[in-house]
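By convention in this document, chain letters (A, B, ...) are assigned in the order of the sequence lines, proteins followed by strands, and residues within each chain are numbered from 1.
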Amino acid sequence: MSEARPWIINPFDEIAIEEALRIRERGEAREVVGVTIAPSAAEEQIRAALAMGLDRALRVDDRRELDPYAVARILLAVVRQEKPDLVLMGKQAVDDDANQVGQMLAGLLNWPQATFVSKIEFLNGGQRAQCTRETDRGLEVIAVNLPAVVTTDLRLNEPRYVSLPGLMKARRRPIELLTCQQLAVEVQPRTTVAATSPAPRRSAGLKVESVEDLLVRLRQHEKVL
Amino acid sequence: MIQTLVILEHDGHCVKRASLSAVALARQLGGSYALGVLGSGVAEIADSVRSFGASVVLVADHPALAEPRADCYAAVIAETARQRGASTVVGTSSTFTKDILPRVAALLDAPMLSDVMAVEIKDGVPCYQRPLSAGSLCATVKLQGDVRVLTARGTAFHPPSPNGAPSPVEPIAFDAASLPNGTQFVSRERSTSTRPDLTEARVVVSGGRPLKDKETFERLIGGLADALGGAVGATRAAVDAGMAPNACQVGQTGTVVAPELYIAVGVSGAIQHLAGIQDSRVIVAINRDPDAPIFQMANYGLVGDLHALVPRLIEAVRA
Amino acid sequence: MDFTWSKEQTELLDAVQRFASQRLKANVIESDRNDCFNLEDWKACGQFGIQGLPAPVEYGGLGMDALTTVGALERLGYACKDNGLLFSINAHLWTVVMPLITAGTEQQKRKYLPGLCNGTLIGANAMSEPNSGSDAFSLSTTAQKAGAKYVLNGSKTFVTNGPVGDLFAVYATVDKSKGAHGVSGFLVERNTPGLVIARKLEKMGLRTSPMAELYLEDCEVPAENLLGTEGGGSFLFTRSMTWERGCILASAVGSMQRLLETCVRYANTRKQFGQPIGKFQHVAGKIVDMKLRLETCRLLLYRGAWLRTQGKSGFLEASLAKLHISDCWVKTCEDALQIHGGYGYMVEYEIERELRDALGSRLYSGTSEIQRNLIASLLGL
């Protein structure tokens, strides 16, 4: 059974939340705390996360478009305040390319990191986490000393569905509010999107009638075989 | 002093060809660039990249770096960038660079941009283009600050051909004893496949859920890939169903490919999958459903039962 | 008169709709064709809390008032196309859960409600018999007191959830000469010796809701499983009917909303003679009527439920709602079918199934004719 301190997850991603809940349900964690950086409109999602079973929920009030590094810096301040043993996060909400915040946070904290994790097990009485990572070279297994940052792969688990009783209980639970000012962190976005344009699209080609027809076209017209 | 530090990826034996795409990006950024090779017993690998026009090939060769542990690699890379005064650190987008380079960016207090597809220098300021919304949009982005970290989308940059005077090779000075020691490497799944790497293959054959099970997937998709000397890919649904390993996943959250020929078998064409193949030269789709979205972007479409068509195709290719 | 849902209600109703649209995605065409009950989806609903909507929190329910309950069921009907599943859930709620709440002993409530509320126990209703349908209280199943138990004998038909039921609400008479005042309700557990779940019945619609015949052959039921009082069965039945009639077609209202939206979409995209068919008055007129029906049904549904939240019985309003919504649902399905032309007749468009499902609504919980008789008598005729 791991020593006292709370776990944090960010941002609200169901897979990371689910994993944290399972860790707590196995008795390997005492508390699961969720953090999100968002304007007040996000409170509905935060309530849904509370309904899944978070012990506490924190919201850092910020309505700006933040780049991953800015998010990591804010989380750094929260982590320093909350002192968790493990930070779990899933798909990044801000950047659809995903998975920069966790690594950046780990770098700022100088904590070990395990990314794209599809399985976590705790060793040595909760002092290390053995993680299976999904890489483009195949599965890799590493062990990281805690405290550590872990980012989850989509295959880590299947999140539980929020139930109505959970939602009703969550309604009475408070969401703790924080500001960058309180956390003494100042971030400025350093990425500017100058323009967006539609990407060139491929158009539909033609339907072939048979395997033979296809091969003729690939061999003779496209010269690709 | 060098402008750009390019981090190369290798498997212990040779450099991953796709990682050389980052060299093309470094060239477009202008100025001098160095290639960085980290690992243990990598002298030959360092040698193999001496003819790519770098000012220098920097090597960190030490048993502590035998495996790409992110905390150690990031520390060495960041230190190297500082020592050499590099203002940009680049690598080709892969799970290796996605794991390590953001951490490097944090250590250098630098913004990071991933999957850069093109760069234009306007009034001395680089404008980077990268995809958004599963590849349906293209964003032009500028970064502030003196230092930046980028990953290049491998399919958008042609790896350069080796030529020119050989670059000198220099060791990177770092203190192995002060490297972080919080991560231990345990094991890696060894692929026994003789098939080409997804990012390097000229032909990729992918399968989706309709392949039913692992045996059928290997027989039909593996069979066709082998007949064509190609690599095997899979949709996320097929990987989730256990038909193919995760390393085969093609798409927005998997590997982005742009082969000469991409054959999609039983793939409906979910937008996340299409995002991973849109730069292929020729796309062929085989599907039972004539209204499957993939036919909207395939050069050639064959409507029918894949269980009958693929064996015929394999036979015809072999003939 | 405030017609708005509160912030809490909206949150809850939105959650129900989200749950149904994300989680209840079974292939209903196939289940309907094969006469299959979707136990997976039943369990998902149970875990989510549907089967315990109106039950008190201390027994595992959600303690929702009548109005929020019908709102939730309406959203379910909108987002879930499996009318049979919803029918089974309703039967479970109004024929077993609700009578237990209103007339059950503390012991009975503690024993059965938690399982009923989370869906692990499926409730089934055994009232109708081969010779007593509308004339419910003329039933012939007998219950003979014998010491600390009752011995039941008879046969029941149209037992919704019969094939899968864990707890049956069985109505029998302790004294046929007393007519309605002899009827008593009993809670009978599935594996009780003498409770024989017989032939599965194949229906025209609501085929994913399983239904069977039942035989009671010297079925011994412990006295503590008497529901309510001896001879108080008809009172119990009538009281639970208010809830049943007032709520059972809430999901139909959601279904009608979905059909309306489907028809508007179709009428705007389907072109014939060079224009969208929605431009033709005959088509537009039908859709307008669908909207009109939807709104009147909704108002009747909500008002009846609201009366119950005010502690009023709402018996008349429940009957009006049941009568009106069933007629409107059938008519709306017919219109939707007609608007879709030949496609509406095709199984894959799922409209013909809606019509088959809707037709049952004029029969259960008291036929439309019975509702009219009731309302007439309440009007003093």
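- Proximity to chain A (any heavy atom under 4.5 Å) is restricted, for B:Val284, to the side chain, taken from C-beta onward.
- Residue B:Ala78 does not touch chain A at all, counting heavy-atom pairs closer than 4.5 Å.
- For chain A, the nearby part of B:Ser136 is the backbone; its heavy atoms alone come within less than 4.5 Å.
- Neither the backbone nor the side chain of B:Arg69 comes within contact range of chain A, judged by heavy atoms closer than 4.5 Å.
- Looking at A:Arg202 and B:Gln296, their side chains never bring a donor and an acceptor atom within 3.5 Å of each other.
- Looking at B:Gln249, only its side chain comes within 4.5 Å of chain A, counting heavy atoms on both sides.
- For A:Lys207 and B:Tyr300, the positive end is not near the middle of the six-membered ring at less than 6.0 Å and at most 45° from its axis.
- Both the backbone and the side chain of A:Leu108 have a heavy atom closer than 4.5 Å to some heavy atom of chain B.
- In this structure, chain A has a heavy atom under 4.5 Å from the backbone of B:Asn181, while its side chain stays farther away.
- With 3.5 Å as the limit, one finds no donor-acceptor pair spanning the side chains of A:Glu140 and B:Ser187.
- At a 4.5 Å heavy-atom cutoff, the contact between A:Ala194 and chain B is made by backbone and side-chain atoms alike.
- The parts of B:Arg236 that come within reach of chain A are both its backbone and its side chain, each placing non-hydrogen atoms under 4.5 angstrom from that chain.
- When heavy atoms are compared at a cutoff of 4.5 Å, B:Ala298 approaches chain A solely by way of its backbone atoms N, CA, C and O.
- For chain B, the nearby parts of A:Asn110 are the backbone and the side chain; heavy atoms of each come within less than 4.5 Å.
- The contact between A:Arg128 and chain B is made entirely by side chain atoms (from C-beta outward), counting heavy-atom distances below 4.5 Å.
- The shortest non-hydrogen separation linking B:Glu9 to A:Asp136 is OE2-OD1, 4.4 Å.
- Heavy atoms closer than 4.5 Å to chain A are found in both the backbone and the side chain of B:Ile283.
- Within the 4.5 angstrom heavy-atom criterion, atoms from both the backbone and the side chain of A:Leu206 approach chain B.
- With a threshold of 4.5 angstrom between heavy atoms, B:Leu309 approaches chain A through its backbone and through its side chain.
- Between B:Arg281 and A:Glu222 there is a salt bridge, with a side-chain nitrogen of the basic residue lying less than 4.0 Å from a carboxylate oxygen of the acidic one.
- Neither the backbone nor the side chain of B:Val104 comes within less than 4.5 Å of any heavy atom of chain A.
- Only the side chain of A:Arg155 comes within contact range of chain B, judged by heavy atoms closer than 4.5 Å.
- Residue contact with chain A, scored on non-hydrogen atoms closer than 4.5 Å, is absent for B:Pro245.
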